[in-house]
Amino acid sequence: SFDPIVSKAFGIVEEAEEELRVLYMLERHPHPHLIHAIHPPAFISGRMVVYLPMCAGGDLFDFVQRRGHLAEPEAYSLLLQIVSAVAHLHRHNVAHLDIKLENVFCNADHTVATVADFGHSQMVCTPDFQCTVKHGTHLYAAPEVYDDHPCYDGRLADAWSIGVAAFLMTFGRNPFPDDYVLRSRSSPSTPPISDAALLQYNTTPRMSDFIQSCVVTDPSLRASPFLL
């Protein structure tokens, strides 16, 4: 018997190349919380199609939206799985660059998280490698991704995105006003999420520390997924 599968079609060559590069790496170095291809890609009507396992619980964004927010133990368990998956990518020289709840999928009872969608990912071949592409979703993107600097560390940008995802899962709302990225350029020493903002939600120190270690405006002071 076969597990249910879904297909993903690509019309943009660059995204297809990045996705395939990571999927081929995961064939050699699999991880339980990273999506994997279950059949070789096919070309149908001029588009490349990749076959992936179906995650019966859908994406994490829809799940959080239906629930309003997740209980902290539930959110923390899923976050540890996401961190483990992203750290595995970094260990194998890949920055995801589009970590968001819409790119994390769940099993039927929403206890197992699977990180997917590597179309914006980039290989980081050396410890000091800097990304130059402006990838990512604005809500989750670290300030340095969209500021005036020509390059940034994609792995630390992933850490910021994980922190934003943690906030959204735990509180069910955007952690920043819409103009935060613009304002953060002129006030990089201001903590993006204050202790007071977290305390009003009765957050435990464990979750508060997790979020605040990721969502740090200065990337040199931001925790990497290896340290979370």
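Each residue takes its place number in the sequence, starting with 1. Computation of the quantities below employed the complete heavy-atom set of this structure, encompassing side-chain atoms and omitting hydrogens, waters and symmetry-equivalent molecules.
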A side-chain contact here means heavy atoms from C-beta on lying under 4.5 Å apart; do Phe61 and Lys100 qualify? no

How far does CG of Leu34 sit from CE of Met25, to the nearest 0.5 angstrom? 7.0 Å

What's the spacing between Met54 CE and Asn107 CG if we round to 0.5 Å? 14.0 Å

Determine the minimum heavy-atom distance between Asp158 and His90, stating which atoms define it. OD2-NE2, 2.8 Å

Which atom names give the shortest non-hydrogen contact between Leu60 and Ile82, and what distance separates them? CD2-CD1, 4.2 Å

Starting at NE2 of His92, measure out to CG of Leu26 and round the result to the nearest 0.5 Å. 8.0 Å

Go through it in stages, so that I can follow the logic: the residues are Ser161 and Thr137, the test is side-chain contact (heavy atoms from CB on, under 4.5 Å), and I'd like the CA-CA distance, side-chain angles, deciding distance and then a yes or no. CA-CA 9 Å; Ser161 300; Thr137 301; over 6 Å; no

Quick one: do Thr114 and Gln81 satisfy side-chain contact (heavy atoms from CB on, under 4.5 Å)? Show the steps, please. CA-CA 8 Å; Thr114 301; Gln81 297 172 44; over 6 Å; no

Report the relative orientation of the aromatic rings in His88 and His31; use parallel for angles under 30°, tilted for 30 to 60°, perpendicular for over 60°. tilted

May I ask you to decide if Ala113's main-chain N or O and His33's side chain share a donor-acceptor pair within less than 3.5 Å? yes

Give me the ring orientation class for His110 and Phe63: parallel if the planes are under 30° apart, tilted from 30 to 60°, perpendicular past 60°. parallel

Non-hydrogen atoms of Ala165 and Leu101 that approach each other most closely: CB-CD2, 3.8 Å

Look at the side-chain heavy atoms of Ile, Leu, Val, Met, Phe, Trp and Tyr, link any pair under 4.5 Å apart, and say whether Val133 and Phe129 land in one connected group. no

His96 versus Asn103: any side-chain heavy-atom pair under 4.5 Å? yes

Are Leu70 and Leu78 close enough that some pair of their side-chain heavy atoms sits under 4.5 Å apart? yes

Decide whether Leu20 and Leu52 are clustered together by the hydrophobic rule: side chain heavy atoms of Ile, Leu, Val, Met, Phe, Trp, Tyr closer than 4.5 Å, transitively. yes

Are any of the side-chain heavy atoms of Thr204 and Tyr76 separated by less than 4.5 Å? no

Side chains of Leu168 and Val64: closer than 4.5 Å at any heavy-atom pair? no

Got a second to check how far Arg206's CZ is from Ile211's CD1, nearest 0.5 Å? 11.5 Å

Is there a side-chain contact between Leu97 and Cys131 in this structure, where contact means two heavy atoms from C-beta onward sitting under 4.5 Å apart? yes

Approximate separation, where rounding is to 0.5 Å, of Ser121 OG and Glu19 CD: 7.5 Å

Does Val112 belong to the same Ile/Leu/Val/Met/Phe/Trp/Tyr cluster as Ile99, with side-chain heavy atoms less than 4.5 Å apart forming each link? no

Do you know the tightest heavy-atom contact between Arg222 and Ala159? CD-CB, 4.1 Å

Gly172 and His69: which non-hydrogen atoms are nearest, and at how many Å? N-CB, 3.7 Å

With heavy-atom distances below 4.5 Å as the criterion, would you say the side chains of Arg155 and Pro225 are in contact? no

Let me see the working for Glu18 and Phe118 under side-chain contact (heavy atoms from CB on, under 4.5 Å), right down to the final yes or no. CA-CA 6 Å; Glu18 295 299 339; Phe118 311 117; 5.9 Å; no

Do you reckon Phe171 sits in the same ILVMFWY cluster as Phe210, going by side-chain contacts under 4.5 Å, direct or chained? yes

Using the rule that Ile, Leu, Val, Met, Phe, Trp and Tyr join whenever any side-chain heavy atoms are under 4.5 Å apart, tell me whether Leu89 and Trp160 fall into a single cluster. yes

Taking the side chain as every heavy atom from C-beta outward, state whether Asp153 and Gln130 have any pair of such atoms under 4.5 Å apart. yes

I need the minimum non-hydrogen distance between Pro143 and Thr217, along with the two atoms involved. CG-CG2, 4.3 Å

Taken to the nearest 0.5 Å, the spacing of Phe167 CZ from Gln212 CD works out to 10.5 Å

